[in-house]
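For reference, the structure discussed in these notes is given below.
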Amino acid sequence: MNEAKYSVLLFLSDIQQVRASELRQYIQSGRKVYLLTFDDPEELLEDPILHEAHKKELLQVSVVRYAPEWEQAWAVIEDGKVNDSQLLDYLDQNSAFNKGQYELEHAYDRGHYIVKAGAGTGKTTTMINRIMFLKHMQGDLDLRSVVMITFTNEAAANMRSKCIYSAQY
């Protein structure tokens, strides 16, 4: 297992290619796991550690619509370093995986971003994930120097609580 600091994205056409122990190892070492597969992951999520990680969004599982051309495919993407953008396009179009959110979260520069999207689309989660990625990859990031602006008190409270919660993990 390679030493990704923040996350690992696994695309496995056959879920039997991954063992619960491998996923537990990633999670227990502090990595966020994106698992994408053609198969139903229900059995994997019966594992208590994986179930809890899934509830805390440390394990994100998406079932991908089957396509024969991807049947033998598998991919391991660490810390957002994508070699095959075609695969991410396919996953974006055929599952609940959101390529735009993933790319924003894993952008290596510390530039400024504006996130505009409709209500309930995951803006707050994506921004929190982005901050956590930067903190993991650049340990010198002082979270007090991060500014997130929103237009409602409810969203601001949500951001604050998620930042505090995420910083604990």
Side-chain angles (χ1 to χ4, degrees), residues 1-107 115 117-137 158-159 161-169:
M1 192 178 340
N2 294 330
E3 291 301 315
K5 291 182 183 179
Y6 176 76
S7 72
V8 60
L9 182 147
L10 304 169
F11 171 65
L12 307 164
S13 58
D14 179 356
I15 204 162
Q16 299 303 317
Q17 295 172 319
V18 68
R19 294 184 305 277
S21 61
E22 287 178 81
L23 295 176
R24 281 194 305 269
Q25 244 183 317
Y26 280 125
I27 291 162
Q28 290 173 329
S29 68
R31 295 181 189 110
K32 180 177 184 176
V33 177
Y34 296 84
L35 175 63
L36 296 108
T37 180
F38 294 141
D39 296 334
D40 183 354
E42 186 176 325
E43 189 175 315
L44 264 180
L45 295 177
E46 290 174 3
D47 179 287
I49 293 172
L50 298 182
H51 179 76
E52 189 64 22
H54 188 262
K55 277 180 24 184
K56 293 180 178 177
E57 298 180 6
L58 299 173
L59 171 61
Q60 296 187 7
V61 181
S62 293
V63 176
V64 181
R65 187 166 42 113
Y66 176 77
E69 63 269 23
W70 293 99
E71 186 172 12
Q72 300 303 315
W74 63 273
V76 177
I77 300 171
E78 296 180 325
D79 295 334
K81 295 179 182 170
V82 178
N83 293 328
D84 185 355
S85 64
Q86 258 189 327
L87 174 62
L88 284 191
D89 289 340
Y90 169 74
L91 297 174
D92 183 55
Q93 295 164 9
N94 293 284
S95 72
F97 175 77
N98 186 305
K99 177 184 172 185
Q101 290 174 336
Y102 182 81
E103 289 176 333
L104 176 61
E105 177 180 349
H106 292 87
V115 178
T121 57
K123 294 178 299 296
T124 301
T125 299
T126 300
M127 290 189 296
I128 299 303
N129 290 343
R130 169 91 180 124
I131 292 166
M132 293 301 107
F133 173 77
L134 290 173
K135 182 66 178 162
H136 275 79
M137 300 308 287
N158 189 12
M159 284 186 214
S161 69
K162 283 190 177 190
C163 271
I164 292 168
Y165 176 77
S166 295
Q168 295 171 355
Y169 292 95

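Scope of the values below: all heavy atoms of this structure, side chains included, with no hydrogens, waters or symmetry mates. Numbers here simply count residues along the sequence, with the first being 1. In this text, all values refer to a predicted model and were calculated from it rather than measured experimentally.
- In this structure, the side chains of Val8 and Val76 come closer than 4.5 Å at one or more pairs of heavy atoms.
- Across all non-hydrogen atoms, the minimal contact from Ala75 to Leu87 is CB-CD2, 3.3 Å.
- Using a 4.5 Å cut-off on side-chain heavy atoms (C-beta onward), Val64 and Leu91 make contact.
- Side-chain N or O atoms of Lys32 include none that pairs as donor or acceptor with a backbone N or O of Tyr6 at under 3.5 Å.
- Judged as a ring-ring contact (aromatic ring centres under 6.0 Å, His included), and not counting sequence neighbours, the contacts of Tyr102 are Tyr34, Phe97, His106.
- Among residues two or more places apart in sequence or in another chain, the side-chain contact (heavy atoms from CB on, under 4.5 Å) test is passed with Ile27 by Val33, Leu50, Ala53, Leu59.
- Looking only at side-chain heavy atoms (C-beta outward), Leu10 and Leu36 stay at 4.5 Å or farther from each other.
- Legend: side-chain hydrogen bond (donor to acceptor under 3.5 Å, both in side chains) pairs involving residues 38-48, not counting sequence neighbours, sorted by first then second residue: Arg24-Asp47.
- For Gln86, the CD atom sits in a loose shell: 12 or fewer heavy atoms of surrounding residues, nucleotides or ligands are nearer than 6.0 Å.
- Arg130 places a side-chain N or O within donor-acceptor distance of the main-chain N or O of Ala107, the cut-off being under 3.5 Å.
- The nearest pair of heavy atoms linking Gln28 to Ile49 is NE2-CD1, 3.3 Å.
- Not a single donor-acceptor pair under 3.5 Å links the side chain of Ser95 to the backbone N or O of Ser62.
- Looking at heavy atoms from C-beta onward, Leu12 lies in side-chain contact with Leu35 at the 4.5 angstrom threshold.
- Every ring-ring contact (aromatic ring centres under 6.0 Å, His included) that Tyr90 has, sequence neighbours left out, goes to Trp70.
- We find the CG-CG distance between Leu9 and Asp79 to be 11.5 Å, quoted to the nearest 0.5 Å.
- Residue pairs meeting the salt bridge (Lys or Arg N to Asp or Glu O under 4.0 Å) criterion with at least one member in residues 81-94, sequence neighbours excluded: Asp89-Lys99.
- Residues that satisfy the side-chain hydrogen bond (donor to acceptor under 3.5 Å, both in side chains) test with Glu71, not counting sequence neighbours, are Tyr66.
- One distance of note links CG of Leu45 with CD of Glu52; it measures 12.0 Å at 0.5 Å rounding.
- The minimum heavy-atom distance linking Met137 with Lys5 is given by the pair SD-CB, 4.0 Å.
- Between atom CZ of residue Arg19 and atom CG of residue Leu44 there is a gap of 11.5 Å, rounded to the nearest 0.5 Å.
- A distance of 5.0 Å separates CD of Gln17 from CG of Asp14, quoted to the nearest 0.5 Å.
- For the pair Thr125 (side chain) and Gly122 (backbone), a donor-acceptor distance under 3.5 Å is absent.
- The shortest distance between side-chain heavy atoms of Val63 and Pro41 falls below 4.5 Å.
- Proximity of a side-chain donor or acceptor of Ser29 to a complementary backbone N or O of Gln25 within less than 3.5 Å is detected.
- For the atom pair Leu23 CG and Arg31 CZ, the distance stands at 12.0 Å (nearest 0.5 Å).
- Expressed to the nearest 0.5 Å, how far CG of Asn98 lies from CD of Gln60 amounts to 10.5 Å.
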